[in-house]
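Step one of this worksheet: look at the structure below.
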Amino acid sequence: MFSHWWKFGRDRITDVDLFSDGSESAAETLSQAIRAAASQEPDADGGVLFGQLRGTVVGLRYYTGVVNRGEMVGLVREPHNPYDKNAVMVTNVLGRQVGHIRKELAAAMAHVMDNDLAKVEGVVYSGTNNSFSMPVTLSFLGSEENKDAVVKHMASRGFRLDADGGGAAGAKGRSFGSPGSSFSFKKGMTIPLTAEELKNAFDNLFEGLMQSKDGEKEAAESVATPLLPHQKQALSWMCARENKDVLPPFWEKRGDLYYNSLTCFSAKEIPERVRGGILADDMGLGKTLTTIALILTNFHQGKPLPVEICDGPFSPTKAKNKSQECFKLQGSSSAVNSAGESSHCSAIPKEDVIDAADVVLVEDEPQKSTSKEKHKPTKRKPSKEGPVLLEDLDFAAALSCATSETRPKKKKTTKESKLKQSVEMSVSESTEDFSAKATLIVCPLSVLSNWLDQFEQHLRSNVKLNIYLYYGSERNRSKTFLSSQDVVITTYNVLSTDFGNKSPLHGINWLRVVLDEGHIIRNPNAQMSKAVLELRAQRRWILSGTPIQNSVKDLWMLLAFLRLKPFDVREWWNRVIQRPVIQGDRAGLQNLQNLVKCITLRRTKNSEVNGRRLVSLPKKTVYVEQVELSPREREEYELARNEGRLTIGRYVAEGSVLRNYADVLAILMRLRQYCCHPDLIGKIATDLATADTPAELRQRLMEKMRLVLASGSDEECSVCLDSIRMPVITHCAHVYCRPCIAQVISSEQKARCPLCRSEIKTSELVEFPPPEEMEDEKSVNSDRWRASSKVQALMGNLLRLRSEDVNIKCLVVSQFTRFLTVLQTPLREHGFSFVRLDGTMSQKKRTQIIQEFQSSAADSPKVMLLSLKAGGVGLNLTAASRVFLMDPAWNPATEEQCIDRCHRLGQERNVVVTKFIVKDSVEENMVKIQKKKQDLVEKAFGSTNTDRKTSRIDDIRALLEV
DNA sequence: ACCGCCGGGTGCC
DNA sequence: ACCGCCGGGTGCC
């Protein structure tokens with residue numbers, strides 16, 4: 001009755017159902033259906049070339065901005081220009097004004113630009129023979145649906161848009177505006193990259209970036225831990241990045257000028273150097289240690305950081321320090337050092353210890369800080385003016401339509417001050433700015449305590465470093481105090497909370513800013529990202545094990561933070577790198593690769609130096625342990641399974657599988673829960689159609705959304721293809737970012753869900769529910785506690801292990817926190833001391849639990865109950881050498897990540913992982929899908945829109961196929 | 001700008 | 001003198 005549900009329009013009834021192997025052809029039909037639906041979405045990248053035309057830039061003599069032959073120029077609407085509300089300003093790469101578009105053309109363009117019908121980009125291909133005007137080639141780009149309107153409008157004003165390239169209109173893989181590629185296009189053919197090539201190239205973007213030619217550098221004496229060879233290499237590279245005067249990528253010296261070969265921009269001043277870069281080593285290779293070594297080894301002029309040396313390793317001072325650090329860890333704000341303590345310390349004369357006076361002398365020498373102080377408020381203002389400025393602050397301020405009369409002036413100030421800044425920077429090439437002293441480390445809360453631990457662990461015990469934890473409500477907000485520290489550590493949250501509220505962190509001229517787990521600032525709209533961009537620093541570093549998560553787009557934020565000219569301005573990044581790469585342009589990809597190579601060092605666990613692995617981790621073995629259900633459990637399971645078949649069978653009959661896929665997930669979820677323990681099953685999600693009241697419907701939708709998110713299948717929004725921000729759920733139970741879906745709805749008269757094409761309305765969107773209340777132990781009835789086959793399998797293992805080695809520690813991991821709760825009972829019964837770590841715990845609690853677990857004391861806990869999603873990367877649980885994965889996850893990477901929490905640097909034992917899989921169940925199918933997903937991840941290149949959609953669709957397909 | 005345009009001065013040739 | 005012509009002033013938007 002139900003078994004043929006995949007086979008639309010087929011006569012032969014085959015036994016294909018959710019719970020056995022899916023048929024490929026049936027799945028194909030489904031995926032095609034979804035693909036067809038998805039292809040109706042507007043193309044988010046809107047990269048169709050409508051045509052080009054030759055225009056004139058006039059008024060050159062009034063402005064100082066210059067352009068070279070072939071240089072790209074920016075076009076900025078100036079609706080508040082007192083002479084012409086249609087004015088379009090022309091700027092060079094630095095944002096300096098070059099001139100205006102001639103008024104007749106500007107009048108025609110204004111309409112197009114103001115209504116977002118097209119993006120207009122300009123390139124000055126040929127020079128001028130006078131100092132008053134010059135020709136410019138304008139390209140109009142946008143989404144197909146606007147093409148006609150734009151072409152007609154321009155024509156009505158007497159401007160004909162030519163599809164240049166002699167009839168080769170729409171040639172794929174062309175990149176417009178990038179002079180290099182246009183040139184090669186004209187010369188012959190630029191063969192666009194195939195998706196496969198692109199994928200490979202992109203995957204390798206961060207590979208092979210070892211800079212061993214830089215040699216190795218020893219850390220300063222104050223670093224106690226000897227560096228491994230690859231860490232010495234990293235240190236050497238980082239010091240070189242900070243100290244050496246190397247031109248940024250694509251800049252070269254041509255006579256007296258500095259020339260950028262990509263944008264064809266040139267300037268008299270040396271481009272602002274990027275002092276810093278991206279340290280993208282794999283997790284566990286010691287990015288933290290290397291960074292600590294950098295801080296201590298490379299102060300001004302390549303000398304080590306001057307530190308106080310105390311009498312002896314066991315001096316009472318150190319003990320006091322320690323206790324204070326612990327105190328601080330708990331959120332207090334007292335500094336490690338205090339004036340009183342220094343009396344206990346006596347400096348040991350040492351060669352590499354610079355007298356503190358050296359530093360004090362030059363402290364307030366440059367006037368730089370004051371001049372920067374002045375323009376600071378100007379720069380920051382635009383961000384306060386509301387959500388209009390969605391992109392890069394500076395760029396938006398300079399290029400977006402001004403909304404008030406005062407804006408154009410502000411823009412100018414910004415640009416000028418920016419320029420001034422770069423001039424100042426070039427001056428400081430010769431005379432280093434010694435006023436900056438402190439390094440600011442910004443990290444996610446979850447690794448904050450790790451930094452403190454690591455400083456403690458890697459510093460020589462007689463070295464006194466001023467570390468201040470800028471966290472907690474009692475934090476000291478004094479700028480003088482903060483800037484006098486050696487190191488200030490804070491979190492992204494604190495930074496963005498402070499931002500815009502007289503943030504002391506933003507008023508300090510930092511020697512160095514380090515972003516730990518820097519990939520988390522990839523969303524340029526986030527307040528956090530804005531806060532990070534506004535930090536003032538001489539040197540900037542990004543630490544990240546996964547510098548790009550999804551696509552080229554993720555990189556922009558990193559480059560913007562590093563202030564890599566000119567790509568810190570979004571437009572130039574888009575034009576020169578992002579669009580060419582997405583369109584498959586070889587030159588664009590080459591440029592991207594060069595760019596990344598210049599500023600990144602990345603080694604993986606598998607990298608080898610001179611034929612030897614960088615780090616040798618203990619062996620890791622993964623076992624799958626099959627669990628047989630007891631007859632009674634099997635009976636219950638089969639009952640639920642059949643119920644699920646019926647429901648899904650009905651959807652198939654109605655042709656509504658896609659619209660109800662949240663329900664499909666819910667059914668799978670129930671089965672997965674049965675596999676673990678019968679008590680995990682919560683309220684059964686009823687069909688939406690049976691909801692009586694709107695409130696009830698709302699409640700159900702929220703439940704569904706929780707399910708969808710909990711199932712781990714829907715981490716991204718199908719509209720923006722990015723991770724979901726401000727999640728909302730539609731009545732058809734698909735989750736999107738609120739702004740994304742709102743836009744979809746407003747752009748069509750009768751809006752349809754991009755995933756299932758059912759009708760949607762703004763008024764029917766339901767907000768993401770507040771985080772689920774943690775079920776406490778009460779919800780799992782402990783009086784009537786019963787075991788399950790899986791529980792028994794685990795307990796059998798634990799007991800055996802304990803009898804072999806009492807000190808062995810285990811991680812017991814489940815996606816269901818309720819399962820963790822269930823497991824507490826037998827653990828207690830058998831006298832295991834255990835701790836529990838899940839997503840609901842406060843950071844303070846977490847730190848405490850991790851410390852407890854990591855302790856080697858005899859009475860320390862031997863088992864940690866860990867919720868799969870708790871914590872995140874960076875968690876250090878090396879005390880455990882056994883991992884029990886109680887239930888399979890959709891995403892194998894999540895499991896890997898979890899295993900890596902103990903299989904990482906610092907692990908001394910071999911790691912044994914046991915995955916429990918219930919035989920003949922949904923879990924077995926999930927394992928198959930995991931494998932398939934792995935292949936998909938390897939095959940699907942995650943950059944172009946279509947490919948991204950395909951991979952996401954395959955994902956859904958895989959989910960449904962079970 | 002070695003242009004175009006504007007507007008004032010000028011006015012047979 | 002309601003034009004043409006001349007030559008100086010001027011010049012983005």
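Lettering follows sequence order; numbering is per chain, from 1. These numbers were taken from a predicted model, which means no experiment stands behind them.
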Across all strands, who's sitting opposite C:dG11 as a Watson-Crick or G-U wobble pair, both distances under 3.5 Å?
B:dC3
Parallel, tilted or perpendicular: which one describes the rings of A:His506 and A:Phe499, with boundaries at 30° and 60°?
tilted
Distance, rounded to the nearest Å, where A:Glu104 contributes CD and C:dC13 contributes P:
7 Å
For B:dC3 versus B:dG8, give the span between their P atoms, rounded off to a whole number of Å.
25 Å
Given the 90°-from-0 boundary between syn and anti, C:dA1 should be labelled syn
Could you tell me how far C:dA1 sits from C:dC6 if I compare only their C1' atoms? Round to whole Å.
15 Å
Is there a side-chain contact between A:Lys103 and the phosphate of C:dC13, meaning an N or O under 4.0 Å from OP1 or OP2?
yes
Between C:dC13 atom P and A:Tyr83 atom OH, what is the distance in whole Å?
12 Å
For the C1' atoms, the ones on B:dG11 and on C:dG4, what distance do you get once it is rounded to whole angstrom?
9 Å
Base C:dC13 paired with A:Asp84 side chain (donor-acceptor, <3.5 Å)
no
In whole Å, I'd like the distance from the CG atom of A:Leu60 to the P atom of C:dC12.
11 Å
Rounded to whole angstroms, how far apart are OH on A:Tyr62 and P on C:dT10?
12 Å
Of all the heavy-atom pairs spanning A:Arg273 and A:Arg241, show the shortest one and how long it is.
NH2-O, 3.2 Å
Would you say the base of C:dC12 stacks on A:Phe132 (centre-to-centre below 5.5 Å, plane angle below 30°)?
no
A:Arg102 CZ to B:dG4 C1': how many Å, rounded?
11 Å
Length of the line joining A:His100:NE2 and C:dG11:C1', which is rounded to integer Å:
15 Å
So, does the side chain of A:Tyr63 form a donor-acceptor pair with the base of C:dC12 at under 3.5 Å?
yes
